[in-house]
Structure formats: C-alpha cells, structure tokens
Amino acid sequence: MRYSGLRLFAEALRGHRGWKPLWRDPEPQKEYDFVIVGGGHGMATAYYLAKTFGKARIAVLDKGWIGGGNIGRNTTIIRSNYLLPGNEPFYELSMKLWEGLEQEFNFNAMVSQRGIINLIHTDGQRDTYRRRGNAMLLAGADAQLLTADEVRERAPFLNFDNPRFPIKGGLMQERAGTARHDAVVWGYARGADMAGVDIIQNCEVTGFEVENGRVTGVETTRGRIGAKTVGVAVAGNSGRVMAMAGMRLPIESHVLQAFVSEGLKPTIPGVITFGAGHFYISQSDKGGLVFGGDIDGYNSYAQRGNLPTVEDVAEGGMALMPMIGRARLLRSWGGIMDMSMDGSPIIDATGIEGLYLNAGWCYGGFKATPASGYCFAHLLATGRPHEKAKAMRLDRFARGYVIDERGAGAQPNLH
Amino acid sequence: MLIPHPLLGLRDAQEFTYLGDASLLNRPDPAEGEAAFCDYVFLRDNPAGVHRELWYHEQGDRSWLVVTRDTVTHEILGAELARDVKGAGA
C-alpha cells in the first residue's frame, strides 16, 4: 500500500523524503498498438483501454506536462443536466462514473456531490426547465424543480428581488457537484501507469504517418512513434492537430476565462447558475469562489482573454449575488475550447483508417472526462461507437443530425 | 482589442460583433450541391496564427469588416471593408 496512516507517520519522521512519483517517466518505445494524443481525456481513455478493455502496448503523449492543459483550466463542475437525447444519456453515464471514480482508481479526487441549481427568472424559463428536468429523469438522472422559497432556504444570499431578474425558482440536480480537477487526471495517470501504459510528457505530435489510407504512426518532437491505432483527444488544439492529417473540422477554438476569489468561509452551498445571464459559481474546498461566464467570442489560441469579458462576468455575479462585490479576485485564467458547430462533442472514427477523434467539448469537457474516456476507449478497442455516444458522430453535420442544445445554429461563439 | 476601422480609425472591439472566418464571404454556387454547402457552413480552417475574420460594427457604422488578426497573440494586423474584399473577388 502506497498510502496509509502509518506510512504518513513514518515519512513525517524522515522529512517526507521517501515519497515516489505517482507514475514512471519512460522513454517512448519504437512502436505501440495504441497511441493516444492528449493527456486529459486521453489519460482517461488510456486508463479504460488498459483496465476495462484489457488492451496493452498503449502510450499517452502530451505536448506539455500532465495536468497542464484544460484539466487545469476549468471550473471543476460535474453535472448531467442536459436536454437532448443525444447528450443526456452520455452525461448521465459520466455522472455515474464520477460517483464510482474514487473507488475505481483508488485515489481521492474529492468528488463532492453538493448539487447544482439553475435559477429560474421567468415563467417561460420555468416551463423550459421543467421540460429539461423531465428529460433528465427519463435518462435516469435526478432532477427537481424548486420554488423560490426552496431556493431561498439553500441560498439566502441571492438577490431574489432584483427588479429585472427576480428569482422565481430553480432546477436542481442533487447529484451534481464539483471534483478536484488535478486529482482526477493524477488518479487516471497513476492507474494507467500501473496497468502498463507509458505516459510520455513533453512530446508534441508534429505529423501523422499515413500509408494507403491507414495510419501507421506519428511524428513527434521526441522522434517517430509507430502505432496501429491513434486516438486524438487534444481539446482546444483539435483543429490544429487534425490539420496535420489533412482534415478540416466543424470546430473553432475559443478562449474561455474563469476566476477565483480569495479564500472565504463556507458560503455557497453548491453550484449556482444565473438564468438571466451567463454566470456560474461554486466554492472550492479551500474556500475560493470559482466562477465564470461566456467565452470571449473570437477565435483564439492565446490561453488568456480580454477585460470586456471580465467585466461582463463580474456584472452577472453582481446581479445574482451582490455580496460577491466584497470579495477580491485572486486569479483568473483562460483555456482554449473546441467550440463545435452545434455545441456538442465528437467521438468518432475519421476518414483515415486507425485514426480516431475525440473533440468539440466546448465548455463542457471536464464533467465529461470519465464517459469521454470510457466511450473513446470503447471505440478504439472495438471499432464501434459506444451505445451512449452513438449520436456524437463526425458526419452528423452532413447528415443533418446536429445535437444543438442551445438552438443557435452553426455559430460556435453562441453555444 | 482595438480594430483599425478603415473609415473611423481605431475602434474598441466591444463595438463589434464577431461572425467568424472570412471565407464565409465565399458562398458556393447553388449548383455545386449539398457537399459544398456542408463544407461552407460547418468546416473551418481554425488556424493558430494569422486569421482573416468577419467583424460587424454593430454599435458603429454597421459596416462589415474583414479583420486580419493573430489568434495566438490577439495582435490585429489590419482591417478592410468587407465589401471591398468581396468586390476584389477574394
């Protein structure tokens, strides 16, 4: 056993010099059966590929370090409160995997099911959320409609009597919540490593090797690596990476900012989202208020945003809970999102045999990590889409089967 | 970000709404069929680096601009009136 009370006590006496890294740092081999590009969703994929689907000779390549991509640039919210049949069963699978995740990989990911409340401000919105709640129940998720008084019991600090946006109630999912984002990828990485997966960091893919329409390997900054099957899960950079394989995607890359306040005493019970603007907030176990809003709205690979969006998010926060104005902002960051043309992800094969794509997660990649990894591993192992992800096809745009939750059409910055 | 409007000078990007890749100016001919329109509507180059894109001066003179911008640094390299670009057959 690596961790125990006894071990902690013994290490305390030895100045904590005996702890070992969680995973090996191997040199890349010449050839693998499965090469997975991207150490976020890709790490979850490698984990399930090795543990659940019993595959071997697997490598995960990451251009930076594990935990340095979007897994370290999110607001840690987990939930399955979607509407459409192509999405909701998939996210509910993810929610179920979250619930068993810590037992599964024996690592404390601090999964905390403290609930999410989507606030209702108009009668029309209540109808919409009632419909959404019913769709969630039909997919096996939990949902309940709260009255204004029930919301007030849980979150008395909200601005209920805002003249423009009075709070009329909320849609609640009790099983939603937050998780410790780094620990999720560390847990997957350790589990994958123990199952024999090579985790190769600082290894950027610079090209694909394709012979007769079949992928045979990847070129990287650490040399050529042969591969029978290549899975690409490089959120934010999907367009760039797949361009090396000669593909254009239904994706634009956008920057999404998020913010953390100084540490405060426990004040926000779960995740709360403003229904009259785009603003969502939760409180981390450390006490910081973690919140965000809209993407900046223009194509970007910069991992940092601009001030107008900061102002917009802050306005949303002030309209929802004026007390937030007393908190000081500690830090903010920007992550690059694959904004797809219908706001929903893609887990599918490509026109090149042996090359698979996992992309287009928009804002929602973090909560999807377990199911994304599971379904992608299923696809890589069997060549067939997983039952819950069968709507997330790359050709759905050409066939007219888009999964457009927002109903905004082919305009990525509106999803 | 400040956009150098060809007629109005430097304007705050907040006055504009963003549409996307300037290739949207080149709508395919209806005779080219469904596949061409599918590519036009859904697929993008999405480059990391210099990107030509459509911005609409909604809070200003309501002109469409083609702005050339670096998506890695957010540096704006130039702006032209979309009608001039379209007129020149680009």
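Naming: A, B, ... by sequence-line order, numbering from 1 per chain.
By the neighbour-count criterion of 12 heavy atoms within 6.0 Å, atom CG of B/Leu10 is densely surrounded, having more than that number from other residues, nucleotides or ligands. Enclosure of atom CZ in A/Arg331 is not indicated, since only 12 or fewer non-hydrogen atoms of other residues, nucleotides or ligands lie within 6.0 angstrom. No more than 12 heavy atoms of other residues, nucleotides or ligands lie within 6.0 Å of CZ in B/Arg27, so this atom counts as exposed by the packing criterion.
Only the side chain of A/Asn413 comes within less than 4.5 Å of a heavy atom of chain B; its backbone N, CA, C and O stay farther away. Within the 4.5 angstrom heavy-atom criterion, atoms from both the backbone and the side chain of A/Glu252 approach chain B. For chain B, the nearby parts of A/Ile251 are the backbone and the side chain; heavy atoms of each come within less than 4.5 Å.
Most heavy-atom pairs under 4.5 Å with chain B: of the set A/Pro412, A/Pro250, A/Ala398, this distinction falls to A/Pro250. Contact tally against chain B (heavy-atom pairs below 4.5 Å) for A/Ala302, A/Ala410, A/Gly400: the top residue is A/Ala302. For the set A/Ser253, A/Gly239, A/Ser340, the entry with the most heavy-atom pairs within less than 4.5 Å of chain B is A/Ser253. When the candidates B/Ala48, B/Cys38, B/Pro47 are compared by the number of heavy-atom contacts under 4.5 Å with chain A, B/Ala48 comes out ahead.
Put simply, CZ on B/Phe42 and CG on A/Asp342 are 7.5 Å apart, with the number rounded to the nearest 0.5 Å. In this structure, the separation between OG1 on A/Thr309 and CD on B/Gln14 is 8.0 Å, given to the nearest 0.5 Å. Of the inter-residue distances, the one linking A/Met341 atom CE with B/Arg44 atom CZ reads 3.5 Å to the nearest 0.5 angstrom. The line from CE of B/Met1 to CG of A/Asp296 is 7.5 Å long, rounded to the nearest 0.5 Å.
Formation of a donor-acceptor pair under 3.5 Å by the A/Tyr301 side chain with backbone atoms of B/Asn46 is found in this model.
In terms of heavy atoms, B/Leu19 sits closest to A/Gln411 at O-NE2, 2.8 Å.
Contact check for B/Leu43 versus A/Phe397: no side-chain heavy atoms found under the 4.5 Å cut-off.
The residues A/Arg248 and B/Asp45 are annotated as salt-bridged, a charged nitrogen and a carboxylate oxygen being separated by less than 4.0 angstrom.
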Pair B/His51-A/Tyr298, ring pair (Phe, Tyr, Trp, His ring centres under 6.0 Å): steps then yes or no: CA-CA 11 Å; B/His51 188 225; A/Tyr298 41 81; over 10 Å; no

